[in-house]
Amino acid sequence: NNHAEPFIQSLNIAGIPHVFSGAKGLFSNPEIKMLISFLECLAYINDNLAFYQLATSELYRVSHADLAHYYTEAKQGNRSLLEQINKNNDNKTLVKLKEDLKKYSEMKNEPVGELLYQYLTENNYLKNLVKNPSIENEHKINNIAKFFNRIAQFNHSSEERGVLAFLNNLELILEVG
């Protein structure tokens, strides 16, 4: 990856759009972080970091400033970010996010691949990536396909296929590298 740095800098200086996929692992890509954060929000309802990452993701696009405000209030009241947001229903995007989490948390014992696919489909995420073709969106689609391949591998090796079992498996994969 260090050998690619001069090429990346040259492309940046020339203003040529590019995506270098060798610099990061699959799980560090924003679209995959979004999916993992979504699953973590379902499994660990008071996970402020996962909620923050999901809310500020490409799908919901809640501003960091808005979330910082809610986070400060939550911390002062010794509440989770989600609990604080439940008290304030003035942000339509956050209301949608809460509704999504409520709906899918009731399905968290379903096979994780089916749950994620339904989530992406109902929120038109994949449709929007395909509808707006670009190199970046093509990489996102490929990364999501790779992530679903990981889920399929998990399904073949595990009797339990719910969100929590998958996250436990994913944690082991990330620890091992």
Short side-chain to backbone donor-acceptor contact, [X] and [Y], under 3.5 Å:
{"X": "N137", "Y": "P133", "answer": "no"}
{"X": "N91", "Y": "L94", "answer": "yes"}
{"X": "N169", "Y": "A165", "answer": "no"}
{"X": "N123", "Y": "Y119", "answer": "yes"}
{"X": "S158", "Y": "R161", "answer": "no"}
{"X": "N29", "Y": "L26", "answer": "yes"}

Would you give the length of the straight line joining atom [atom1] of [X] to atom [atom2] of [Y], rounded to the nearest 0.5 angstrom?
{"X": "K102", "Y": "N86", "atom1": "NZ", "atom2": "CG", "value": "10.0 Å"}
{"X": "I85", "Y": "L67", "atom1": "CD1", "atom2": "CG", "value": "5.5 Å"}
{"X": "K146", "Y": "F27", "atom1": "NZ", "atom2": "CZ", "value": "11.0 Å"}
{"X": "T72", "Y": "Q84", "atom1": "OG1", "atom2": "CD", "value": "9.5 Å"}
{"X": "K127", "Y": "L129", "atom1": "NZ", "atom2": "CG", "value": "12.5 Å"}

Any chance you could lay out the side chain to side chain contact (heavy atoms under 4.5 Å, CB included) test for L82 and N48, step after step, and finish with the verdict? CA-CA 7 Å; L82 185 58; N48 287 339; over 6 Å; no
Which atoms form the tightest heavy-atom contact between [X] and [Y], and what is the distance?
{"X": "M34", "Y": "L54", "value": "O-CD1, 3.7 Å"}
{"X": "K33", "Y": "S28", "value": "CE-O, 3.6 Å"}
{"X": "Y104", "Y": "Q118", "value": "OH-O, 3.5 Å"}
{"X": "K108", "Y": "S105", "value": "CG-O, 3.3 Å"}
{"X": "A50", "Y": "S37", "value": "O-CB, 3.5 Å"}

Residue pair [X] / [Y], side-chain heavy-atom distance below 4.5 Å:
{"X": "K87", "Y": "E73", "result": "no"}
{"X": "L116", "Y": "F147", "result": "yes"}
{"X": "T56", "Y": "R61", "result": "no"}
{"X": "L115", "Y": "L39", "result": "yes"}
{"X": "L81", "Y": "D47", "result": "no"}

Name all residues meeting the side chain to side chain donor-acceptor pair (under 3.5 Å) criterion together with T121; count only those two or more places apart in sequence or in a different chain, and write none if there are none. none
Any residue meeting side chain to side chain donor-acceptor pair (under 3.5 Å) with N46, in chain and number order, not counting sequence neighbours: S80
L35 and E31: CA distance, side-chain angles, deciding distance, side chain to side chain contact (heavy atoms under 4.5 Å, CB included) verdict: CA-CA 7 Å; L35 298 179; E31 61 278 6; 6.0 Å; no
Please enumerate all residues that pass salt bridge (Lys or Arg N to Asp or Glu O under 4.0 Å) together with K96, with sequence neighbours excluded. D100
For residues L49 and L101: do they belong to one hydrophobic cluster (side chain heavy atoms under 4.5 Å, members Ile, Leu, Val, Met, Phe, Trp, Tyr)? no
Worked verdict on E122 versus K103 for side chain to side chain contact (heavy atoms under 4.5 Å, CB included): CA-CA 12 Å; E122 288 183 2; K103 174 184 179 178; 2.4 Å; yes
Would you please test I36 and L170 for side chain to side chain contact (heavy atoms under 4.5 Å, CB included) and show each step? CA-CA 9 Å; I36 294 170; L170 186 60; 3.7 Å; yes
More than 12 heavy atoms of other residues, nucleotides or ligands under 6.0 Å from OH of Y117: is that the case? no
Within 6.0 angstrom of N78 CG, more than 12 heavy atoms from elsewhere: no
I'd like to check the ring pair (Phe, Tyr, Trp, His ring centres under 6.0 Å) partners of [X]; sequence neighbours left out, ordered by chain and number.
{"X": "Y71", "value": "none"}
{"X": "F51", "value": "none"}
{"X": "H69", "value": "none"}

If we ignore angles and hydrogens, is there a donor and acceptor under 3.5 Å between the side chains of E58 and Y125? yes
So that I can tick it off, tell me whether K140 and E136 are bridged by a salt bridge, with the cut-off set at under 4.0 angstrom between side-chain N and carboxylate O. yes
Describe, in one word, how the ring planes of Y52 and H64 are oriented to each other, choosing from parallel (under 30°), tilted (30 to 60°) and perpendicular (over 60°). tilted
